[in-house]
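Working notes, beginning with the structure itself.
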Amino acid sequence: MTLGPFEGVNAGYVLELYERYRQNPESVDPATRESFQSWTPTELEAELAGPKGPGPKGPAGRTDVAPIHDVNVVVGAANLVSSIRRFGHLAARLDPLGSQPPGDPSLSPHAHGITDDDLKRLPAALVGGPVAESSSNAYEAIEKLRRIYCSTTGFDISHVFVPEERTWLRHAFESGRFLPPMDPASAQELLDRITQVEVFERFLHRTFPGKTRFSIEGVDMLVPILDSLIAGAATHGARHTIIGMAHRGRLNVLAHILEKPYAHILAEFKDPVAADALRIDLGWMGDVKYHAGASTTGPESHTYVTMPPNPSHLEAVDPVVVGMARAAGTITDRPGPPQFDGVLTLPILIHGDAAFPGQGIVAETLNLSRLSGYETSGTIHIIANNQLGFTATPDESYSTSYASGLARGFKIPIVHVNADDPAACLEATRLAWEYRARFGLDFLIDLIGYRRFGHNEGDEPAFTQPLMYKRIAAHKTVRELFAGQLAEQGTVPREEGDRLVKKYFTELEQAFASLKPEKDYVAPVSELAPAGTAAKTETGVKVERLREINDSLHAAPEGFTFHKKLERGRERRKSMFNTPTERTVDWGAAEELAFATILADAIPIRLTGEDVERGTFSSRHAVFYDAANGSRFVPLQSFAHSHASFEIHNSPLSENGTVGFEFGYNIQEPSHLVIWEAQYGDFINGAQIILDQFVTSARAKWGLQPSLVFLLPHGYEGQGPEHSSARPERILEAAAGINLRLVNCTTAAQYFHLLRRQAKLLQSDPLPLFVLTPKSLLRHPGVASAPIELETGRFQSVIDDEEARGREKNVRRIVLCSGKVYVDLISSEQRKTSTEVAIVRVEQLAPFPGVALRAALDAYPAVRDIVWLQEEPENMGAWEFMRPNIEDLIGDRYPLRYIGRARSASPSEGSSAWHQLNQRALVERAFDLGSHATESPKVLSKPARSLTGSKR
Ligand SMILES: Cc1ncc(C[n+]2csc(CCOP(=O)(O)OP(=O)(O)O)c2C)c(N)n1
């Protein structure tokens, strides 16, 4: 019998309900009815009937069960059972160092007003589940429950609200199905494995005393757990396991799970300076050994195991791994939406017990776990819980009861397990992969161990945890404990355990003796594409072809009703090829055509970000909703010329997590065009960790070649400090020749060619691409392009001044600028009369387009000064990046001056009127040659005073 929904409620209420049900089953709600149906009616009726019950011989035919005369005993027993199931973990012995579990009063019969004797008189059926089957009364069954729920494993699942899952989990715990007694061969195998794990650390400890390795010791079972997860996933069809982890135990996992040869690891400890390993010419800087990634074929030859490299920033790798797994399981070679098959991949995340509750990116990652477009059919989480975070105690690290508390809100089953009980650890693991296989959802194993040494091996833990470290010093390792246990049982003789230790020491000693550090040190450097690869890329598409594609994009499903306000825009787009030389293609149309032609070239596209389906500024409408019935229509998934999948998802309100996810997706499937759009450009600040630690530095540190695209709305339009700037200065600060492209383009055609160029360069010259995109200019006629420009042109990193053609000799000033401010300049009154000023657009900010810019400047023989004009304050925008680059280019031929806002702590003014004044002043100064142009270049090569008057 299970009390189901009545767990924990008071007896009177249950009985009242039950009485009502007995008289009329329809008078209670269906869930209650179902529960009562599963009760053993004769028994309960006997209780309710009081002394008139069936007599000393129990209804189940057992003579040892006496009738009970107090119905409260039944309810008390039921509540005790329920408490054990819910709170038993509070009494579980989870700490290998022996601290007392907190316990809970509800786990004692006394708290429920009953005694052991009462329980002995109740039928086992009252407990229900597998333990009841083999028990002769409730007491026996409850004792079995205690052994399950209050042992060295704590089952923490009361937050799993889906009854089917909870029932399955409870049945799994209670049936013992996941803990078959270990046979001697498996025991020997496990001993072998944990010996290998331990000896590796001991060898490093002895050979490189005090050198940081972030030893696994204390949570050694992590390696057998990974063995079991990978093998288990393979039996369910997984082809690829992707593991994310931080420093703790990483070298051990690299050696034993990723099969990184000992020689490579030992060579890294030697830290050789091998001339050919240092490729500074490629921007190669490398990383510390405990951040390295690796890949190997798994235990079955047809499976892969990958661990991406990881930065120091704890937990930052979480969304990356999940994104990689999503990509690895996604089938994209067909038009339409891609198909995701979660069975193909298994993501595993290993967390720290301080980092898991502390870092917000963990919550962002967990929040992706059930979202369409992001879910992975279950990520397995392991907290390598050593009960310390550097020197911080659990009390200082989290407000939840356990380190794993955050996972409860995401309905993730949690199993806490004592890391000194190998069998319990493997039981938890098996449960994890079986649960994942069945429900396709996340699972968490909280592996509770300890940390044998300090945070790193040069650190003294006794300064801060003297008592704990006294206990640890006296505490046997899990290998010693397990070997002792097996010897005692007679399963594996003690000498065999000792032999294994010697064997693994010998193996490492041999690897060390034959080490050739320079040779064994392997640096994963990626080669550079030949110079000019990007500039030479042809991206034009014939107008006729574009017209065909456009027509098929406009073939809506039969009977589809568009929202009235969208119809007009669609009509305009339908007819934009009727006049190939008129500027009919706006930004949104250029993007859609670029995407469609890329899909026609069989390159899959994934586009995500907050509200991307419609577009923040209501300009994209990549997804239409039928105004009558709400059905969806995605033209890019259904047009006739496509040869690859297109996916688009409104992301959750996250930047760090979602950018991390897209980075992972991108590196896993570099042949796809993966695009993340910010709502406003500055929100990418929230992903600064992922940008710094992965996107812009992955090549220099790890030899990875990301090609993720960022669309970042940028431009000063009077919307205040937080909606104006995508903070290009931060991107430029990280720009170092070969690691990214930053573009701020001004026409729809440029955007079309840029996207197509990025797609073409995915194979030959991949780099992350940051695009500063327009807001109000999305619909501005000055930004629109003629269809013919999509055919004839290609992306131009610098655009010379068409208006100045023929009057080059008159030009005294060249104004260099980028992006939206160009439109402000050309729309001004002064532009019409200022024949001495040419405006040259720098469309690509990084890499600095030196060759193209020189060619543009050389066309003006009579120039007296060059101005860098920007909307952003002097300490922001592109100026500080551009200045040395332009100075290098022009030498002392002309002075270089700055026009823009003064240095400022905030990107822009908050008042729209003030904004307008500043924009007007910018434009006026750009065209005001004034007296400066005749001053000596030496003085003027310093930046001029800023617009609003900073004195330098
Ligand atoms: C984002 C971030 N903040 C701080 C640190 C510095 N740091 C490195 S390890 C560590 C303690 C981590 O504790 P825990 O998560 O329990 O992992 P453990 O080292 O104990 O395995 C700290 C604070 C870091 N690496 N990353």
Side-chain angles (χ1 to χ4, degrees), residues 94-97 197 201 212-223 225-226 243-254 287-292 307 309-320 348-366 381-400 402-407 416 419 444-465 468-469 472 655-657 659-660 685-694 697 701:
L94 300 175
D95 179 6
L97 301 178
V197 169
E201 299 290 352
T212 296
R213 66 175 195 281
F214 297 116
S215 151
I216 203 170
E217 289 154 285
V219 286
D220 310 45
M221 278 304 294
L222 187 58
V223 170
I225 285 176
L226 290 172
I243 304 173
M245 73 183 297
H247 51 285
R248 180 77 46 216
R250 189 176 180 103
L251 296 181
N252 214 308
V253 172
L254 280 169
D287 199 352
V288 292
K289 51 190 164 298
Y290 41 82
H291 289 167
M307 180 152 74
N310 182 73
S312 161
H313 275 62
L314 294 170
E315 306 291 340
V317 80
D318 296 1
V320 175
I348 300 175
L349 289 176
I350 300 164
H351 310 272
D353 52 303
F356 185 82
Q359 292 292 308
I361 199 165
V362 176
E364 292 190 31
T365 307
L366 296 180
H381 303 267
I382 304 167
I383 298 184
N385 188 342
N386 53 28
Q387 309 190 58
L388 282 176
F390 212 137
T391 67
T393 60
D395 280 351
E396 294 165 321
S397 296
Y398 44 90
S399 295
T400 45
Y402 291 99
S404 55
L406 177 68
H416 312 281
L444 190 148
I445 299 169
D446 181 17
L447 176 67
I448 302 181
Y450 57 91
R451 191 184 69 194
R452 185 151 289 276
F453 301 102
H455 172 64
N456 60 53
E457 287 65 28
D459 203 35
E460 176 50 81
F463 289 158
T464 47
Q465 272 79 33
M468 183 184 204
Y469 272 83
I472 290 174
E655 286 80 26
N656 217 16
V659 172
N685 285 355
Q688 196 65 44
I689 292 171
I690 299 290
L691 293 189
D692 289 346
Q693 304 297 323
F694 289 93
S697 61
K701 294 194 294 190

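All ligand and atom numbering here is 1-based and tracks the order in the structure. These numbers come from a predicted model, not from an experiment. Just the heavy atoms: all of them, side chains too, but no hydrogens, waters or symmetry mates, feed the values below.
Looking at heavy atoms from C-beta onward, Phe694 lies in side-chain contact with Pro311 at the 4.5 angstrom threshold. Inter-residue side-chain proximity for His291 and Lys701 is flagged as unmet; no heavy-atom pair is nearer than 4.5 Å. Between Leu349 and Phe356 the shortest side-chain heavy-atom distance does not fall below 4.5 Å.
Residue-to-ligand polar distances place Asp353 within reach of ligand 1: an N/O pair is separated by less than 3.5 Å. Considering backbone and side-chain atoms alike, Ala384 places every N or O at 3.5 Å or more from each N or O of ligand 1.
Those atoms of ligand 1 with a heavy atom of Asn386 less than 4.0 angstrom away are 18 (P), 20 (O), 21 (O). Of all the atoms in ligand 1, the ones that sit under 4.0 Å from a non-hydrogen atom of Gly389 are 11 (C), 13 (O), 16 (O). Contact atoms of ligand 1 toward Ala354: 13 (O), 14 (P), 15 (O), 16 (O) (distance under 4.0 Å to a heavy atom of the residue). Atoms of ligand 1 lying under 4.0 Å from at least one heavy atom of Gln359, given by number and element, are 1 (C).
Under the 3.5 Å distance criterion, the side-chain polar atoms of Asn385 are left unmatched by any main-chain donor or acceptor of Asp446. Under a 3.5 Å cut-off, the side chain of Glu655 and the backbone N or O of Ala687 do not form any donor-acceptor pair. Listed for the Gln359 side chain is no donor-acceptor partner under 3.5 Å among the backbone atoms of Ile361.
In this structure, atom 9 (S) of ligand 1 lies nearest to the protein heavy atom His455 CE1, 3.0 Å. The protein heavy-atom contact nearest to atom 23 (C) of ligand 1 is Phe390 CD1, 4.1 Å. The protein heavy atom nearest to atom 4 (C) of ligand 1 is Leu314 CD1, 4.6 Å. Looking only at protein heavy atoms, the nearest one to atom 15 (O) of ligand 1 is Ala355 N, 2.8 Å. Of the protein's heavy atoms, His247 NE2, 2.7 Å lies nearest to atom 19 (O) of ligand 1. The shortest contact between atom 17 (O) of ligand 1 and any protein heavy atom is with Gly352 CA, 3.8 Å.
By the criterion of a heavy-atom distance under 4.0 Å, neither the backbone nor the side chain of His351 is placed next to ligand 1. If you look at Leu388 next to ligand 1, the close heavy atoms, those under 4.0 Å, all belong to the backbone. No part of Arg451 comes within 4.0 Å of ligand 1, judged by heavy-atom distances. Heavy atoms of Glu315 found under 4.0 angstrom from ligand 1: none, in either backbone or side chain.
Between the side chains of Glu201 and Asn252, a donor-acceptor pair is found at a separation under 3.5 Å. A donor-acceptor contact closer than 3.5 angstrom links the side chains of Asp95 and Gln387.
The nearest protein heavy atom to atom 6 (C) of ligand 1 is not closer than 4.0 Å. Protein heavy atoms come within 4.0 Å of atom 2 (C) of ligand 1.
For the atom pair CG of Leu94 and NE2 of His416, the computed distance is 7.0 Å after rounding to the nearest 0.5 Å.
Heavy atoms of Ser312 approach ligand 1 to within less than 4.0 angstrom.
The aromatic rings of His351 and His381 lie parallel to each other, their planes meeting at an angle below 30°, with 60° marking the opposite boundary.
Remark: aromatic rings of Phe390 and His455 are close, center separation under 6.0 Å.
Checked against side-chain contact (heavy atoms from CB on, under 4.5 Å), Ile472 has the following partners two or more places apart in sequence or in another chain: Leu97, Tyr450, Arg452, Met468, Tyr469.
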